[in-house]
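Any value given below was found using the heavy atoms of this structure, including those in side chains, with hydrogens, waters and symmetry copies removed. Note that this is a predicted model, so its numbers are computed, not measured. By convention in this document, chain letters (A, B, ...) are assigned in the order of the sequence lines, proteins followed by strands, and residues within each chain are numbered from 1.
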Number of protein chains: 2
Amino acid sequence: MVDQLLDAALIEFAAHGYAGASTRAIAERAGAHQPQINYHFRSKEALWQAAVDRLFAELDAELGATPEVLGEDLLGRFASFVRAFVGFSARRPELHRIMNQESTADSPQLAWVVSRHIAPRIEVLSVAWSAVREAGAVADLDPAEVWELLIGFGALPYANAPLRRQLFGPVRADDVDRRAARLIALLAAGP
Amino acid sequence: MVDQLLDAALIEFAAHGYAGASTRAIAERAGAHQPQINYHFRSKEALWQAAVDRLFAELDAELGATPEVLGEDLLGRFASFVRAFVGFSARRPELHRIMNQESTADSPQLAWVVSRHIAPRIEVLSVAWSAVREAGAVADLDPAEVWELLIGFGALPYANAPLRRQLFGPVRADDVDRRAARLIALLAAGP
DNA sequence: TCATAGTCTGATCGAGTGATAACGGAAGAG
DNA sequence: CTCTTCCGTTATCACTCGATCAGACTATGA
């Protein structure tokens, strides 16, 4: 039941934001009753944190499972990372939906997720990108710009899938591959 | 008073989403009492629509005021448009905050804003981009990808300014110019 | 068989939500 | 002066929110 509640919570929080999602809707989606949320988790906020924790754990599992071809060059490794990231963003749009919802104003939720999840990953990305850049394999962008391109072009279209579908119709079958390739070329060649 | 209510509504809706923003908070921010919202507008939804309408009117005013150098080439005109768009997104982050909030799930609000505001502008952008591309001045991207780069790289960092500030500190003075230049180079050279 | 721990259920709490009605006052027209 | 119209204020409506509680159900083990 804990897992069903976390699944339902992710969908509801991603769709309506922290304030807009109701514990009753989450419970109903999970096939449970509303007080079970306060039984298995202390509060709505604790449920939100648990759901976000699990989501980032999924992300790490997917990125860590990147097949690292032995001896592959730095750029090849970075390209694998980009492909995995785009794939995860398409399969699990909830992560960036929640982040976009909570990044519009300073809030305890934003401070919590930044210090616990985002900032450490920015650090890792910065180190990795500096290494690739010093090897001369990619464009002259700072880590912040790389981050912005990853999120803005690699994840946002999936986070805003309902809008995108209304504008451009159903997504192509090779959408993820095509987007990852474009993104890698963008980061390699640069503007 | 109508203008103060619209200003306050934009800030609250952008920060907390349609469901999460309360009419009392909007009224208090505007220095008014809550029933005045239902007096000047029919309902919370009508207030939201009026605020969004005014926001898109501001966007049109800014984009329409783009200084069009006589005889300037197609790419130059498109570059001016990009600069104006990035500048507006930085000065008025509420637009993309609201769009990101409402694009995470199908809703009456999303359908309304798409048919009334987004779809027509997509149409204009597509025609303009096709003209620039056929002139061979820019990269081989479809309009959907251009749209995604404009929003994802040109607007999202400002929509998520609270997150961005926590991660990368205060923004540089030349942030808008720098971003617009990068974006123009990206669209001109392509991946 | 009984006791215990873990989980679920229904009822209910106070607080906050959008919306409405009744009333008051200010300004302009006749 | 009086009537009318516009706008603001107060009070209150029914509803939903997150949270809490007592009691019921289930399973395990002594």
| task | Please determine, by modelled atom types, if A:Gln101 and B:Asn100 share a side-chain donor-acceptor pair under 3.5 angstrom. | result | no
| query | Parallel under 30°, tilted from 30 to 60°, perpendicular over 60°: which one fits the rings of A:His117 and A:Trp112? | reply | perpendicular
| task | Can you spot which of A:Arg97, A:Lys44, A:Arg29 makes a salt bridge (charged side-chain N to carboxylate O under 4.0 Å, His left out) with A:Glu12? | result | A:Arg29
| query | Do B:Asp175 and B:Arg164 sit within salt-bridge range, that is, some charged N less than 4.0 Å from a carboxylate O? | reply | yes
| query | Ring centroid separation for B:Phe41 and B:Trp48, is it under 6.0 angstrom? | reply | no
| field | Shared hydrophobic cluster for B:Ile11 and B:Met99 (ILVMFWY, side-chain gaps under 4.5 Å) | value | no
| said: Strictly below 4.0 Å: does A:His33 bring a side-chain N or O up to OP1 or OP2 of C:dT9? | reply: yes
| said: Without decimals, in angstroms, what is the distance between A:His16 NE2 and D:dT16 P? | reply: 16 Å
When you compare the protein's N or O atoms with those of nucleotides 18-21 of chain D, which come within less than 3.5 Å of each other, and at what distance?
| from | atom 1 | to | atom 2 | distance (Å) |
| --- | --- | --- | --- | --- |
| D:dG18 | OP1 | A:Ala21 | O | 3.2 |
| D:dG18 | OP1 | A:Thr23 | N | 3.1 |
| D:dG18 | OP1 | A:Lys44 | NZ | 3.1 |
| D:dG18 | OP2 | A:Thr23 | N | 2.8 |
| D:dG18 | OP2 | A:Thr23 | OG1 | 2.7 |
| D:dG18 | N7 | A:Arg24 | NH1 | 2.9 |
| D:dG18 | O6 | A:Arg24 | NH2 | 3.2 |
| D:dA19 | OP2 | A:Asn38 | ND2 | 3.4 |
| D:dA19 | OP2 | A:Lys44 | N | 2.9 |
| D:dA19 | N7 | A:Gln34 | NE2 | 2.9 |
| D:dA19 | N6 | A:Gln34 | OE1 | 3.0 |

| task | Indicate whether OP1 or OP2 belonging to D:dG8 is found under 4.0 Å from a side-chain N or O atom of B:His40. | result | yes
| Rounding to a whole Å, what distance do you find between B:Phe41:CZ and C:dG18:C1'? | 15 Å
| request: State whether A:Gln36 places a side-chain N or O below 4.0 Å from either non-bridging phosphate oxygen (OP1 or OP2) of C:dT9. | output: yes
